[in-house]
Amino acid sequence: MSEVPRFWRESKHRYRLVGTRCENCGNLYFPPRDICPTCRRESINKMKEEELSGEGEVYSYTVVHDGLEQFKMQVPYIIAIIKTKEGPLITGQIVDCNPDDVKIGSQVKSTLRKVRTEGKSGIIQYGYKFILK
Amino acid sequence: MRDVYIIGVGSTKYGELWDMSLRELASEAGLKALMDAGIKAEEIDALYGANTSAGQFIDQEHIAALISDYSGISELGIPAVRIEAGAASGGAALNQAYLAVKSGQYDTVVVGGVEKMTDVPSEVANEIIGGSLDAEWETFFGVTEASVAAMIAKRHEYDERVKREHYAVFPVISHKHASMNPSSHFKNVIKLEDVINASPVAEPLTVYDTAPLSDGASAIVITADKKKIKESENPIRIKASTMANDFLSLHDRKKIDSFKAVNKSVKEALKQSGLNLGNIDGYEIHDSYSIGSLIQMEEIFGKEAIKMVENNEYYFNSSHPLNVSGGLKAHGNPLGAVGLYQAIEATIQLRGKAGERQIKGSKNMLIHNMGGLGTTSVTTILGVE
Amino acid sequence: MSSIVSYGSYVPRYRIRAEEIARVWGEDPENIKGGLMIYSKSVPGPDEDVLTISAEAGKNAIKRTDVSKKTIGAIFVGSESHPYAVKPTASILVEALGLPNDIHSADYEFACKAGTAAIQNVMGLVDSGMIENGMAIGADTSQGAPGDALEYSASAGGTAFIIGKKGIAEINKTYSFTTDTPDFWRREGEKYPSHGGRFTGEPAYFKHVLTGAKRMMEMQGTKPEDYDYAVFHQPNGKFPTRAAKMLGFKDEQVKDGLLTPYIGNTYSSSMIIGLSAILDKAEPGDRILAVAFGSGAGSDAFDITVNDSIKSYKRDRAPGVMEQINRPIWIDYANYVKYRGKIIMRGE
């Protein structure tokens with residue numbers, strides 16, 4: 001089953017780390033939200049899009065051995081929570097490195113990669129991943 | 001407000017039940033619960049069915065209607081609804097049923113939970129279990145539920161200087177207890193080294209840190225009907241039933257290695273029951289991941305939880321018996337059913353019918369069922385008068 | 001004429017050595033290293049393709065300049081390995097790079113010179129006044145059939161240029177030469193390309209590269225010694241070295257742009273990644289002769305002079321070509337075939 005619209009809707013956020021900032025309290029959110037969990041109704045229509053730099057450090061991570069089918073070619077792969085320079089935590093893969101080189105506190109930056117594909121004939125779903133600086 | 005009692009319990013075996021379908025599992029558990037309660041289908045006001053992911057495991061939605069139908073009670077027109085809250089579905093269904101009976105809307109209700117997980121290959125099951133995470137911002141990027149647990153473990157070790165052994169011990173405890181429970185998925189006893197040295201799932205977690213894929217169903221009958229309570233040989237009172245929630249994903253929480261919702265639902269349950277932790281004789285918690293067990297116990301007992309690990313206090317014959325059923329880890333983990341099996345184990349313990357794993361003189365049991373890792377928290381306190 | 005406003009390249013980190021490929025196919029690695037002058041090649045990661053490589057190269061080009069993304073009015077991407085047969089790489093890049101939606105965009109294909117064809121088309125729009133600045137990218141993740149000589153060279157990489165009126169290097173002139181020469185091709189739906197063996201040499205590569213270079217020098221009234229650098233399409237190390245010699249260029253003029261021995265032939269990025277490496281060290285006044293070749297066949301020649309603006313240009317905001325070349329992750333042939341999708345998986 002094609003998931004084209006579901007993927008397409010998020011492409012800006014996934015390609016360029018576009019989050020939202022609440023203009024009421026100033027908090028920045030990624031993934032983007034329509035309602036600020038701090039200001040709630042005061043934030044309605046005050047959530048403005050903002051691009052994150054993609055730079056940050058490893059907050060926590062794991063090396064996944066029992067992975068999802070779509071990621072079979074990459075097993076073992078690294079999943080991490082990144083604390084971005086701007087504040088929000090982002091969950092994603094760290095690629096192009098030896099798992100032993102990753103530590104809590106390692107500096108990373110984002111990169112655009114293929115994340116999933118809808119089989120051989122469906123669309124290619126791109127999104128952010130992280131690489132060690 | 002009137003009191004609500006569990007008057008009947010029933011469960012299938014948990015495990016890889018190749019020749020049983022979802023509908024067969026559910027009706028077996030339901031029938032056993034009714035027979036245990038000594039009541040007939042005509043006496044049921046409603047059916048609450050807990051299930052996490054039948055839509056993905058076996059392409060079946062509308063589960064409660066199906067269960068009601070294949071339990072042979074469709075002619076009676078009994079209302080049936082499915083409750084879903086990830087792996088906390090069982091606990092959430094119990095909570096909803098409790099509220100309905102407590103309010104006086106219904107008198108007698110059957111709450112059943114079922115999951116049929118082994119009809120799909122394990123890679124597919126992995127993906128389905130990930131359904132309780134954020135599909136767009138976690139699973140999309142290759143995140144599995146085990147990887148979320150692993151990141152909690154890694155950060156917890158880093159921030160709190162917790163050692164691997166402090167949480168690797170929970171599966172050891174569960175296996176020990178499961179070996180004494182006839183309906184367990186696993187009956188083998190394991191050692192701490194087995195957990196640490198098993199094949200990795202998401203580092204530092206190994207296969208022994210995680211609960212299995214199991215098939216199974218569990219059901220209970222609850223009532224506030226005075227006559228039924230009186231006729232019941234051994235009614236167990238629901239002294240508290242509370243729920244709390246947190247952000248769906250770790251990355252939105254202020255602290256990833258704590259379960260705020262657990263703290264909240266447990267505190268509220270103790271308040272609701274008028275009990276304190278000193279009154280609780282045993283605990284059934286959601287041990288789908290070893291690290292999750294430690295964090296839950298820390299939310300309940302604070303720093304003491306680790307000392308209790310070091311002092312071996314979690315065994316059935318010690319001061320804080322934990323997962324005497326064998327837990328999700330070793331008794332089995334059919335997602336939608338586990339919250340109800342926890343209630344069944346507590347009932348059996350409180351009835352004093354747990355055989356060699358019986359907690360001596362147990363009066364009150366606290367059970368905690370969880371959806372995701374700390375996302376949905378359901379606490380139930382059961383007790384004898 | 002228009003000029004180079006900014007540039008950036010991207011080379012995947014994975015590499016495989018010629019010895020490792022030779023080991024599997026029972027060949028003498030010295031024939032490859034000595035004969036073709038290829039020691040290793042870049043391999044795209046399992047999650048990389050022309051879109052991701054183009055995006056990284058494009059981001060590097062954008063980072064180095066203070067020119068606003070809003071002024072970019074065109075994006076053309078040249079490749080022979082676009083991720084989709086139908087669905088442009090360029091349109092995905094508009095979103096990935098955050099370029100304005102009021103933009104001319106298209107994908108190009110002309111074997112290894114699709115990237116320079118993109119540059120020429122952007123130049124045309126800039127020179128005509130239709131746009132202020134435009135982006136041209138050449139990128140590939142090329143495949144050689146297993147066991148074929150091409151397997152030693154077909155690699156991955158990309159280079160992006162922002163072309164505009166006011167930049168760091170003037171493009172004094174560009175010239176193209178085209179004939180119908182079937183030296184290398186890939187039919188629709190085929191996974192691996194085919195080639196004419198030794199026919200790819202004299203009547204194809206050499207004829208077009210030499211004609212392009214000679215005609216350019218004739219038109220500009222220049223001689224090889226007038227250039228500080230020369231860079232040619234480099235399907236291997238041997239061809240461009242010989243072409244340079246035949247034209248009368250010395251080793252010092254070509255060595256900085258000759259990268260294929262280390263990263264293989266990046267196809268649509270092959271010549272321009274060499275040009276990118278030259279710009280990484282070029283100084284004001286440096287003159288560069290750059291000739292791309294595309295099978296099928298044609299050549300695009302450029303006569304470029306670096307100007308004073310390169311002094312204030314922020315090259316260090318993005319990693320240079322050599323910096324990327326010097327961070328390899330070596331892989332074996334087994335991982336190479338896995339990453340390149342050469343293993344038949346269940347359901348395929």
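Below, chains carry the letters A, B, ... as their sequence lines are ordered, and counting in each starts from 1.
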Please report the closest heavy-atom contact between [X] and [Y], naming both atoms and the distance.
| X | Y | answer |
| --- | --- | --- |
| Ile329(C) | Cys97(A) | CD1-N, 4.2 Å |
| Pro83(C) | Ile124(A) | CB-CD1, 3.6 Å |
| Asp47(C) | Val95(A) | OD2-CG1, 3.5 Å |
| Thr52(C) | Leu112(A) | CB-O, 3.2 Å |

Choice from Gly98(C), Pro12(C), Pro46(C), Ala96(C) maximising heavy atom contacts with chain A below 4.5 Å: Ala96(C)
Tell me whether Arg14(A) is salt-bridged to Glu95(C), with the criterion being a basic N under 4.0 Å from an acidic carboxylate O. no
So does Lys114(A) pair up with Glu48(C), basic N to acidic O under 4.0 Å? no
Pairwise distance CZ(Arg327(C)) to CG(Leu132(A)) - rounded to 0.5 angstrom: 8.0 Å
How long is the straight-line distance from CE of Met345(C) back to NZ of Lys120(A), given to the nearest 0.5 Å? 9.5 Å
Please determine whether side chain to side chain contact (heavy atoms under 4.5 Å, CB included) holds for the pair Leu97(C) and Tyr15(A), giving the CA-CA distance in whole Å, both sets of side-chain angles, and the decisive distance to 0.1 Å. CA-CA 8 Å; Leu97(C) 296 173; Tyr15(A) 292 178; over 6 Å; no
Lys12(A) portion near chain C, given a 4.5 angstrom heavy-atom threshold: both
Using non-hydrogen atoms only, which part of [X] is less than 4.5 Å away from chain A: side chain, backbone, both, or neither?
| X | result |
| --- | --- |
| Lys59(C) | side chain |
| Glu56(C) | side chain |
| Ala55(C) | side chain |
| Ile53(C) | neither |

Arg315(C): what forms a side chain to side chain contact (heavy atoms under 4.5 Å, CB included) with it, not counting sequence neighbours? Tyr7(C), Ile310(C), Tyr313(C)
Within residues 71-85 of chain A, which positions have a heavy-atom distance to chain C below 4.5 Å? Lys72(A), Met73(A), Gln74(A), Val75(A)
